[in-house]
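Everything on this sheet refers to the single structure shown next.
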Amino acid sequence: MSKAPRKRLVVAITGASGAIYGVRILQYLRRCPDWESHLVLSHSGALTAAQELDLKRGEIEDLADVVHNVKDIGASVASGSFRTEGMVVAPCSMKTLAAIALGLADNLVSRAADVAFKERRRVVLLARETPLNLAHLRNMTSVTEMGGIVFPPVPAFYNQPATLDDVVNHTVGRVLDLFGIHHDDLLERWEGLRKPAAAPASGFSHSEGANP
């Protein structure tokens, strides 16, 4: 019996802050024998990763199964006949968001996203900017109307993260969930409210903090 082909996920890293999200997704996919990662790393994405993570382009590319040049419009992921499970842009700059929202297909990141949309595949954009202006919001609306998922990497605190890794892993775990990628060690899932802790006998209280 022939082995089932590996599922493919396109991972793009662009120039917004938060390069760790794309890198962590690639790191986790390396642990998934049933998945094949296809990386598109923009020039600005590589610069940001160097600033934030002290990682060279080659070190990031080594994490992926297949690497595509951002200028290579003839790459496999630029065609709908090349089957993938979809695409995640992590992080997604506002320039990239705009290009995807308008269907510009001016480089391989926006072209691969355009292909995923036309083939009705999942597209997840970790849009990273704050505060948001009207152009950003309208582009997010356009992407959502096309079927994409705008996923700002906003941290959750109900899991009481102790480290920055906890924050990053929680977001990455939620993204992997959207593609049906099994994991059991990245996030603490919500299982209802915890039993409230006993109120302190003295000292600072929530009511005091809310009403100085």
Side-chain angles (χ1 to χ4, degrees), residues 7-26 29 35-52 55 57 60-61 63-130 132-153 171-172 175-176 178-179 181:
K7 296 180 179 180
R8 300 169 177 142
L9 181 64
V10 181
V11 179
I13 299 176
T14 64
S17 181
I20 185 60
Y21 293 108
V23 169
R24 188 61 50 82
I25 289 170
L26 291 172
L29 287 174
W35 285 82
E36 178 179 284
S37 58
H38 285 251
L39 171 66
V40 185
L41 174 60
S42 74
H43 176 69
S44 297
L47 288 177
T48 303
Q51 289 291 310
E52 295 182 347
L55 287 177
R57 172 181 284 273
I60 299 173
E61 292 178 341
L63 297 173
D65 293 302
V66 183
V67 178
H68 303 281
N69 190 304
V70 71
K71 297 180 180 179
D72 185 9
I73 300 300
S76 57
V77 295
S79 172
S81 66
F82 186 78
R83 299 186 63 177
T84 73
E85 300 304 308
M87 180 176 185
V88 57
V89 185
C92 180
S93 68
M94 292 299 102
K95 178 181 178 181
T96 299
L97 170 67
I100 293 173
L102 296 174
L104 295 184
D106 57 342
N107 63 28
L108 189 56
V109 176
S110 55
R111 170 58 185 171
D114 190 62
V115 166
F117 278 130
K118 77 182 183 69
E119 300 295 330
R120 305 300 189 265
R121 297 168 185 163
R122 177 146 287 182
V123 177
V124 179
L125 308 181
L126 274 69
R128 223 309 304 181
E129 185 59 274
T130 187
L132 300 170
N133 67 34
L134 186 55
H136 302 154
L137 294 169
R138 284 177 172 165
N139 289 332
M140 290 179 183
T141 298
S142 294
V143 166
T144 303
E145 289 173 341
M146 289 190 287
I149 297 176
V150 179
F151 194 126
T171 293
V172 168
V175 170
L176 297 179
L178 292 173
F179 292 96
I181 299 173

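Being a predicted model, the structure only gives us computed values, none of them experimental.
Every residue two or more places apart in sequence or in another chain was checked for a salt bridge (charged side-chain N to carboxylate O under 4.0 Å, His left out) with R122, and none qualifies. Remark: D106 pairs with no residue by the salt bridge (charged side-chain N to carboxylate O under 4.0 Å, His left out) rule, at least two apart or across chains. Applying the side chain to side chain donor-acceptor pair (under 3.5 Å) rule to E61 yields the partners R57; only residues at least two apart in sequence or on another chain are considered. For R111, the salt bridge (charged side-chain N to carboxylate O under 4.0 Å, His left out) test picks out D114, with sequence neighbours left out. Qualifying side-chain contact (heavy atoms from CB on, under 4.5 Å) partners for L137, counting only residues two or more places apart in sequence or in other chains: L132. Shown here are the side-chain contact (heavy atoms from CB on, under 4.5 Å) partners of M94, two or more places apart in sequence or in another chain: L97, A127, E129, H136, M140. Shown here are the ring-ring contact (aromatic ring centres under 6.0 Å, His included) partners of H38, two or more places apart in sequence or in another chain: H68, F82. Looking at residues two or more places apart in sequence or on another chain, you find a side-chain contact (heavy atoms from CB on, under 4.5 Å) between A98 and N139.
Rounding to the nearest 0.5 angstrom, the gap separating the CG atom in L63 from the CG atom in L39 is 8.5 Å. Considering OG1 of T96 and CD1 of I13, their distance stands at 12.0 Å, rounded to 0.5 Å. One finds the CG atom of D72 at 11.5 Å from the CG atom of N107 (value rounded to the nearest 0.5 Å). Atom CG of N69 and atom CG of L41 lie 10.0 Å apart (nearest 0.5 Å). Going from atom CG of L125 over to atom CZ of F151 covers 11.5 Å, rounded to the nearest 0.5 Å. How far CD1 of I25 is from CH2 of W35: 11.5 Å, rounded to the nearest 0.5 Å.
Within a 6.0 Å sphere centred on NZ of K118, other residues, nucleotides and ligands contribute more than 12 heavy atoms.
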Under the criterion side-chain contact (heavy atoms from CB on, under 4.5 Å), I'd like the reasoning laid out for V88 against V10: C-alpha separation, chi angles, the key distance, then a yes or no. CA-CA 6 Å; V88 57; V10 181; over 6 Å; no
In sequence, state the C-alpha distance, the side-chain angles, and the governing distance for V11 and V40, and then conclude on side-chain contact (heavy atoms from CB on, under 4.5 Å). CA-CA 6 Å; V11 179; V40 185; over 6 Å; no
Apply side-chain hydrogen bond (donor to acceptor under 3.5 Å, both in side chains) to T144 and T141, showing your working. CA-CA 5 Å; T144 303; T141 298; over 6 Å; no
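Contact record, A101 with S142: CB-CB, 4.0 Å, taken as the closest heavy-atom pair. Contact detail for D65 and S37: the closest heavy-atom pair is OD2-N, 2.9 Å. Summarising the geometry of A99 relative to S110, their closest heavy-atom pair is CB-CB, 4.0 Å, with the distance given to 0.1 Å. Contact detail for G15 and S42: the closest heavy-atom pair is N-OG, 3.9 Å. Residues A12 and M87 come closest through the heavy atom pair CB-CE, 3.7 Å.
Within the structure, the side chain to side chain donor-acceptor pair (under 3.5 Å) test picks out the following pairs touching residues 10-26 (sequence neighbours left out): S17-E52, R24-Q27, R24-D165, R24-N169. A side chain to side chain donor-acceptor pair (under 3.5 Å) check over residues 78-89, counting only residues at least two apart or in different chains, returns the pairs S79-S81. Within the structure, salt bridge (Lys or Arg N to Asp or Glu O under 4.0 Å) pairs that include any residue of residues 134-151 do not occur (at least two apart or interchain). Counting only residues at least two apart or in different chains, ring pair (Phe, Tyr, Trp, His ring centres under 6.0 Å) contacts with residues 87-125 are absent.
Between L176 and L178 there is no side-chain heavy-atom pair separated by less than 4.5 Å. Taking 4.5 Å as the limit, some side-chain heavy atom of R128 sits within range of a side-chain heavy atom of P153. Within the 4.5 Å cutoff, side-chain heavy atoms of L108 are placed close to those of V77.
Between the side chain of R121 and the backbone N or O of G80 there is at least one donor-acceptor pair closer than 3.5 Å.
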